[in-house]
There are 2 protein chains.
Amino acid sequence: MPDNEEKEQPRRRQARGERRIAQLLDAAATVFTTTGYTAASTNAIAREAGVSPGTLYQFFPNKEAIAIELGGRLVHEMQTAYGEALAPIDPATPLEEAVGAAVDRFIAFNCQHPVFFALMHGPDIPGRLTEEHDALHVALVGRVEGLLSSILPEAPAADIKRTAQMVLGIYMAGLELILAHEGAERDAYIREVKTALTRYLDPLVGDRLGRSGLTTTP
Amino acid sequence: MPDNEEKEQPRRRQARGERRIAQLLDAAATVFTTTGYTAASTNAIAREAGVSPGTLYQFFPNKEAIAIELGGRLVHEMQTAYGEALAPIDPATPLEEAVGAAVDRFIAFNCQHPVFFALMHGPDIPGRLTEEHDALHVALVGRVEGLLSSILPEAPAADIKRTAQMVLGIYMAGLELILAHEGAERDAYIREVKTALTRYLDPLVGDRLGRSGLTTTP
DNA sequence: GACAAACACGAGCGGTCGCTCGCATTCTGG
DNA sequence: CCAGAATGCGAGCGACCGCTCGTGTTTGTC
């Protein structure tokens, strides 16, 4: 069977259809952000997009598929974002700068796409999306682990893993505070998150670089 | 109308009724923990408690009231718990001990009552319960603020507030990790949370106690 | 212009959920 | 012991939600 071009794609989208899809995803983003996934009704999404429920179901087989598609696009964008944010391991740059740059990237992304936080942190997200979120999470943890173990090659893997998880946890907690504030106060919280992460990590990298760490009772 | 004893209390509970209420609240706790508030159905709670839906509604006017009552009791217990955990400001004890003791208290509470975390962190909690949660949160932040400002009397109130919020945020993030693990790994995460909090706060109190803080470029 | 496919509509189907109501059973006070 | 309150039951009501389907309109192709 050499010429079944795709597994299933008897649908030739027109330009109008692509526009509708984007329209519906935008509407879904706002509805999901305000009410969460479960409480969001497909009729409400269609209404927000200015179309009928039937129209919505011409482009998405069910409610979950909307979240999947939306989440998928966000994850894709996120991957490029954190690829730029965490990829280059530059041992020469001081910790504060590295942390600051990474945090700034992620903050910018989450401020541009508030749905992301809402979709990925609700306890009511559909199964398929949970997998994507978990995959993204372990990818992020893996990246941080890679950075940490390149700086601390002698540390046990389990310790590295815990530290990476804590780093992400601290960042997430800070992100919630950051998104809850605006203007100058938001900037202050951004600085505070960077401070917290730097203080948490400084004793680790400080030891290696021969700086004065917080090692007690030498 | 001088003798309307209470606003509304024509209901004289029997011992059996009190037992049923406790039974229903226990059932609600398990259902809420496993499925969250919105997804939890009153019929499921009644089934879990081994009673009929009608019986449930003899003791609670609606689904929200169940969560309210359950949340109220938890908040009450929580208040005594954090009263013991954060009340005594002992400037002599080292930071690590103080943080460690406080964290241990809260961890113990949350491990005994996993509903608390589920109810207070779902995006779908009913309005009245959100108020209780917010009240508890500002109370906790206030306590931490009090502790911090007693140690750092010269620090601006806004900075103290942000630090207190970050402390709670780091703890909450750690709590999620702690609850997600068991046994030795859980203990390791408990230690990690204490480490993170200590490192975050040490430069602040370290300055005051004349220890070597992380103050850069003096 | 003709024809098919893609697009759009919205009433409504099946199902679930919160909650009610009529009635049976058990407890309590006099 | 008995009247009445408290407790218990469970079928089912009304509302909403995800989703469908028959029908009509627009778009691309020849």
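Proteins come first, then strands; the chains are lettered A, B, ... in the order of their sequence lines, and each starts at number 1.
Regarding A:I45, its CD1 atom lies at a distance of 8 Å from the P atom of D:dG18, rounded to whole Å. Atom CZ of A:F60 and atom C1' of C:dA8 are 15 Å apart (whole Å). Taking atom CD1 of A:I21 as the reference point, atom P of C:dC7 lies 8 Å away to the nearest angstrom. In this entry the distance linking NZ of A:K63 with C1' of D:dC16 reads 12 Å, nearest Å.
Comparing D:dA6, D:dC19, C:dT20 by their closest approach to the side chain of B:R12 singles out D:dA6. The side chain of B:Q58 sits closest to D:dT7 out of D:dT7, C:dA6, D:dC19. Taking every side-chain heavy atom of B:V51 into account, D:dC9 is the closest of D:dC9, D:dC19, D:dG8. Of the candidate nucleotides D:dT20, C:dC19, D:dC9, C:dC19 has the atom lying nearest to any side-chain atom of B:T42.
The closest side-chain heavy-atom distance from B:K161 to B:M166 is not below 4.5 Å.
The aromatic rings of B:H133 and B:H121 lie perpendicular to each other, with more than 60° between the two planes, well past the 30° mark. Between B:F109 and B:F116, the ring-plane angle classifies as perpendicular under the 30° and 60° cut-offs.
Comment: B:K194 engages B:D104 in a salt bridge, judged by a side-chain N to carboxylate O separation of less than 4.0 angstrom.
Using a 4.0 Å heavy-atom distance criterion, B:A39 is classed as making no nucleic acid contact. If you check every strand for non-hydrogen atoms under 4.0 Å, B:G54 touches a base. Residue B:N43 is classed as a base contact, given a heavy-atom separation below 4.0 Å to a base.
The phosphate of C:dT28 has neither OP1 nor OP2 within less than 4.0 Å of any side-chain N or O from B:R16. Phosphate proximity of C:dT20 to B:Y57: absent, as no side-chain N or O sits under 4.0 Å from OP1 or OP2.
Ranked by how close their nearest DNA chain C nucleotide is to the 5' end, B:P61 and B:Q14 are led by B:P61. DNA chain C is contacted by both B:T55 and B:A15; B:T55 maps to the nucleotide lying nearer its 5′ end (nearest heavy atom per residue).
The minimum heavy-atom distance linking B:H181 with B:R186 is given by the pair O-NE, 2.8 Å.
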